[in-house]
Amino acid sequence: MAEDEKNKNPEIVGFACSYCTFKASEMAGSLRMKYPEGVKLIQVPCSSRVDPAFVIKAIVEGADGVFVAGCHPGDCHFIKGNYYTRRKIAALKEMFNIFSMKEKLRLFWVSAAEARRFVEKVTDMYNDIKEKKNEG
Amino acid sequence: MRTGIFICHCGHNIKHTVDVKRLCEYFSTFPGVVVSKDYPFVCSEPGQDMIQESIKKQGLDRVIIASCTPSLHSELFKDLLKKSDINPFLLRRVSIREHCSWVGDDIEINTEKARRLILAGLYSAAHYIPLEEKVVEVQKSALVIGGGVSGLSAALFLSRMGMQVYLIEKEDELGGHVRTLKNVWPAGRDGKIIIEEMIKDLKGQNNVEIFTSTTITDFEGFFGNYEATLNTPAGEKKLTAGGVIIAIGFSPFDARTKPELHYGEDERIITTLDFEKNGDRLKLPEKPRVAILHCVGSRDEQIGKPYCSRICCVNALRVADAIKTRYRDAYVESFYMDVRAHPRGGEEFFEDTQEKGVLFTRANVAEIIPAPGGITIRGEDTLFGEVFEREFDLVVLSIGMSPPEDSKLIASLLKITLDKDKFFLEAHIKLRPFDTAVKGIFIAGSCSGPKDVEESINHGRASAVKLFGFLNLGYAYVDPFISYVDPKRCSGCRMCEQACVAKAIKYDEIKRVVHVEEAACMGCGLCNATCPSSAIGLKGYMDSMIDDEISAFLEAI
Ligand SMILES: Cc1cc2nc3c(=O)[nH]c(=O)nc-3n(C[C@H](O)[C@H](O)[C@H](O)COP(=O)(O)OP(=O)(O)OC[C@H]3O[C@@H](n4cnc5c(N)ncnc54)[C@H](O)[C@@H]3O)c2cc1C
Ligand code: SF4
Ligand code: SF4
Ligand code: SF4
């Protein structure tokens with residue numbers, strides 16, 4: 001890929017819970033739904049496995065955005081894991097805010113059945129970041 | 001380290017949009033990668049043989065398979081490693097189909113994405129360690145949700161094979177839609193009789209518990225030991241079952257969704273289901289003029305139902321035949337897009353009906369206009385390209401099969417997936433048409449897409465056979481992805497203990513460190529992400545693995 005194009009196209013690292021968002025992404029693939037190639041997923045058993053350090057590491061290493069995605073509140077396979085995720089990511093967001101990079105971190109809930117929602121969420125994030133990136 | 005990388009073409013599915021050859025060459029130059037091969041179908045028998053041979057010949061201690069998504073075929077590949085005498089947890093699956101070749105169309109872009117996905121797998125797998133599989137007991141019991149023909153046939157098979165069966169039905173009696181059909185095609189029998197026979201057989205078994213007017217309100221657990229909470233007329237009930245068959249059927253298409261049909265506003269506009277129930281009692285003139293509309297609620301993109309319902313052409317023919325039999329001089333006109341007389345004998349029936357004088361007009365019906373003297377149908381004859389208007393005494397809408405009312409509810413309770421039409425999605429349309437992606441949960445009958453009675457019964461039985469195979473083993477392996485504590489690093493702060501929902505972390509007052517109770521650990525990894533001293537690791541998802549996956553995606557290694 002040409003260097004300038006690479007710079008324009010955001011790289012997004014997503015952490016996806018095995019029981020819901022990862023499943024939704026599998027279904028999105030099976031249904032041949034399209035979304036930008038810059039979105040790449042790391043499968044985790046539960047969104048609560050995501051250590052804020054992973055998010056920071058990804059940003060430091062050049063990711064334009066990071067998302068953490070899990071089951072809807074109340075729906076966690078591990079009972080309450082996603083409540084912890086919500087708290088952790090909220091704290092992390094405040095930190096991101098201080099460094100004026102609020103838009104680089106997103107948290108969303110996508111159930112196993114919501115392939116379309118998965119595609120919409122990641123595509124929205126990608127487009128927003130791309131817009132910002134090309135402005136600045 | 002001796003790593004083997006196997007990249008699947010999946011026929012054209014991957015190869016079409018990912019340059020697999022180029023990837024193979026690229027990875028073959030990596031230190032530690034001793035095999036880098038592509039193959040048309042790695043899951044096929046020759047594909048498996050090829051991998052097994054490579055493992056043996058090259059003495060591989062890491063196997064990376066880049067193919068379909070990890071929920072598919074992982075058991076098969078793990079067995080392959082076991083058969084080759086290496087630990088099954090030294091396998092890494094990389095999804096380059098569901099997450100790459102099917103997501104984008106550009107081969108250059110996809111190849112680059114696949115390269116990074118495989119790279120992440122390669123780096124992550126370098127941290128893998130052999131793990132021991134955990135064995136759990138499997139309850140020899142099954143929960144069947146839905147008591148239509150598909151659920152009944154599944155329940156009957158399982159109970160005959162000696163499994164304890166819990167059959168739950170939402171309505172106050174078993175039988176589903178077939179109970180309402182007076183003349184089931186092609187058997188020509190009363191649906192009620194078919195159902196009563198099945199119920200009699202089932203009630204003759206001493207290992208079946210039937211719950212009617214019952215719904216499922218909560219669902220937890222894992223294969224071998226699922227726990228369901230039921231809402232029964234006698235109150236809440238909890239039960240444990242080894243596996244589940246979902247057979248909640250379909251909903252008849254609600255013709256009110258299309259206001260131009262004026263269904264429900266005029267008693268001369270009815271559906272095939274109404275005809276089934278009250279056809280004998282219809283008051284029609286001596287020489288009735290009857291219109292029949294095919295594909296109502298099917299093959300219609302505008303209302304989000306692009307699929308063919310498979311049974312409605314024959315239903316339309318049955319109505320036409322019934323009218324013609326009763327009123328020899330009736331004028332019967334059928335408006336169709338194509339006639340797809342799917343089930344056995346359907347085509348012959350179509351010919352017979354034509355011979356009886358039923359008129360078939362290929363048309364797009366635009367509107368039905370009820371007036372006191374008759375009901376006018378306005379549309380376009382698509383063979384002649386002409387607009388027409390004709391008057392009838394009765395209009396019968398051949399309605400299709402819509403997804404079951406509760407499909408979303410059951411999907412979210414059992415954490416399984418729906419397809420784009422909101423029917424339940426099978427794990428693989430050809431190879432695993434009865435399975436869901438969740439182990440031990442199967443689908444049966446029309447809840448996985450339109451099916452006739454014969455197909456539904458067969459589907460139910462086939463799902464039951466598959467579930468029986470799983471249950472009868474009596475045990476199952478579960479992933480040993482649980483946490484462990486490094487006592488040297490643990491400071492005894494007990495933050496993990498507070499976080500763990502499963503109460504799997506125990507503090508040792510004397511040693512002042514914690515340890516994980518293996519049997520209780522659910523493997524969520526919350527403790528791993530919580531520990532400030534990096535003293536806890538979740539096997540299979542260690543910090544080092546995830547760290548390297550991040551770096552590989554971003555080319556920061
Ligand atoms: C008008 C019409 C005519 C037809 N004629 C024919 C014909 O002549 N020949 C033929 O082969 N096929 C015919 N069919 C198709 C036939 O009805 C289906 O093939 C058959 O009913 C499918 O059986 P099933 O068990 O999958 O689903 P269903 O019959 O729909 O049974 C599903 C059962 O699950 C129950 N259920 C639903 N949700 C829940 C829940 N949440 N919890 C517990 N239980 C639940 C329902 O109450 C129902 O009892 C016809 C269909 C229609 C609409
Ligand atoms: S079976 Fe016939 S009427 Fe039903 S959707 Fe298919 S083509 Fe249309
Ligand atoms: S959080 Fe870490 S350091 Fe604290 S008790 Fe648990 S394992 Fe030990
Ligand atoms: S992985 Fe989850 S269940 Fe297991 S000990 Fe850690 S927090 Fe508890």
Side-chain angles (χ1 to χ4, degrees), chain A residues 1 6 9 11-13 15 18-20 22-55 57-58 60-63 66 71-72 75-81 84-85 88 111-116 119, chain B residues 68-72 95 97-106 108-110 112-113 116-117 120 124 220 407-408 411-412 415-420 422 425 429 437-438 479 481 499 501-502 522-531 538 540-541 543 546-547 549-551 553-557:
Chain A
M1 204 187 291
K6 188 167 158 181
N9 283 334
E11 286 289 347
I12 294 180
V13 176
F15 294 93
S18 291
Y19 290 88
C20 45
F22 195 79
K23 287 236 166 80
S25 74
E26 290 180 323
M27 182 168 54
S30 315
L31 299 173
R32 314 292 201 273
M33 293 177 177
K34 306 294 169 205
Y35 56 89
E37 77 286 353
V39 176
K40 297 186 186 69
L41 297 185
I42 293 178
Q43 191 180 352
V44 284
C46 172
S47 58
S48 71
R49 170 66 189 93
V50 179
D51 193 324
F54 296 151
V55 178
K57 179 182 161 83
V60 170
E61 291 187 348
V66 177
C71 314
H72 289 272
D75 248 2
C76 174
H77 182 82
F78 299 102
I79 307 158
K80 289 200 289 203
Y84 284 88
T85 312
K88 256 185 283 188
S111 80
E114 295 174 320
R116 190 164 302 282
V119 171
Chain B
C68 46
T69 192
S71 0
L72 301 171
S95 169
R97 192 180 72 182
E98 280 80 353
H99 293 89
C100 184
S101 75
W102 280 349
V103 173
D105 298 320
D106 184 310
E108 282 304 314
I109 289 174
N110 281 359
E112 171 58 17
K113 181 174 181 186
R116 294 213 222 160
L117 294 177
S124 172
E220 274 174 41
S407 68
K408 273 195 182 153
S412 78
K415 305 210 164 60
I416 54 169
T417 311
L418 299 175
D419 68 14
K420 65 177 193 336
K422 305 281 182 292
L425 183 73
I429 190 148
V438 182
D479 283 339
F481 299 148
V501 182
M522 307 182 290
C524 62
L526 172 56
C527 55
N528 192 165
T530 305
C531 176
L538 174 64
Y541 298 93
D543 288 350
I546 297 178
D547 278 342
E549 282 190 49
I550 298 170
S551 303
F553 280 176
L554 300 165
E555 300 250 75
I557 287 192

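Residue numbers begin at 1 in each chain, while the letters A, B, ... track the order of the sequences.
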Indicate yes or no: at least one non-hydrogen side-chain atom of [X] is less than 4.5 angstrom from one of [Y].
X      : Y      : answer
B:L538 : A:P45  : yes
A:F15  : B:I546 : yes
A:E61  : B:I550 : yes
B:P70  : A:E26  : yes

State plainly whether the residues A:R32 and B:D105 are in salt-bridge range, i.e. N to O under 4.0 Å.
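Salt bridge absent between A:R32 and B:D105.
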Indicate yes or no: does A:E11 engage B:R116 in a salt bridge with an N to O separation below 4.0 Å.
yes
CA sep, side-chain torsions, deciding dist, call: A:S111, B:S412, side chain to side chain contact (heavy atoms under 4.5 Å, CB included):
CA-CA 8 Å; A:S111 80; B:S412 78; 5.8 Å; no
Less than 4.5 Å to any heavy atom of chain A: does that hold for the side chain of [X], its backbone, both, or neither?
X      : result
B:A499 : both
B:D106 : neither
B:V103 : both

Mind ranking B:G523, B:S124, B:A411 by heavy-atom pairs under 4.5 Å with chain A and telling me who comes out on top?
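Looking at each of B:G523, B:S124, B:A411 in turn, B:G523 comes out on top.
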Quick one: of B:R97, B:M522, B:E549, who has the most non-hydrogen atom pairs under 4.5 Å with chain A?
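Option with the greatest count: B:M522.
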Given that the side chain runs from C-beta out, which part of [X] has a heavy atom under 4.5 Å from chain B: side chain, backbone, both or neither?
X      : answer
A:V119 : neither
A:V44  : both
A:F54  : both

Would you give the length of the straight line joining atom [atom1] of [X] to atom [atom2] of [Y], rounded to the nearest 0.5 angstrom?
X      : Y      : atom1 : atom2 : result
B:F553 : A:I12  : CZ    : CD1   : 12.5 Å
B:E112 : A:E37  : CD    : CD    : 9.0 Å
B:L425 : A:S30  : CG    : OG    : 6.0 Å
A:R49  : B:L526 : CZ    : CG    : 10.0 Å
B:K408 : A:E114 : NZ    : CD    : 8.5 Å
B:D547 : A:K57  : CG    : NZ    : 4.5 Å

Could you go step by step and tell me if A:F22 and B:T69 meet the side chain to side chain contact (heavy atoms under 4.5 Å, CB included) rule?
CA-CA 10 Å; A:F22 195 79; B:T69 192; 3.9 Å; yes
Using a cut-off of under 4.5 Å on heavy-atom pairs, state which of A:L31, A:D51, A:I42 scores highest against chain B.
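Of the candidates given, the most pairs with chain B belong to A:I42.
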Heavy-atom pairs under 4.5 Å with chain B are the metric here; pick the option from A:K88, A:M27, A:Q43 that has the most.
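Of A:K88, A:M27, A:Q43, A:M27 has the most heavy-atom pairs under 4.5 Å with chain B.
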For B:V438 and A:K23: C-alpha separation, side-chain torsions, deciding distance, then whether side chain to side chain contact (heavy atoms under 4.5 Å, CB included) applies.
CA-CA 10 Å; B:V438 182; A:K23 287 236 166 80; 4.1 Å; yes
On a heavy-atom basis, which atom in [X] and which in [Y] lie closest, and how many Å separate them?
X      : Y      : value
A:C46  : B:C524 : CB-O, 3.6 Å
A:S48  : B:A529 : O-CB, 3.3 Å
B:L554 : A:G62  : CD2-C, 4.3 Å

Assess whether atom NZ of A:K34 is packed by more than 12 heavy atoms of other residues, nucleotides or ligands within 6.0 Å.
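Atom NZ in A:K34 is packed in, count exceeds 12.
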Begin with the C-alpha distance, continue with both residues' side-chain angles, and end with the deciding distance and a verdict on side chain to side chain contact (heavy atoms under 4.5 Å, CB included) for B:Y541 and A:S18.
CA-CA 12 Å; B:Y541 298 93; A:S18 291; 4.1 Å; yes
If we count only N and O atoms by modelled type, under 3.5 Å, do the side chains of A:S25 and B:E98 hold a donor and an acceptor together?
no
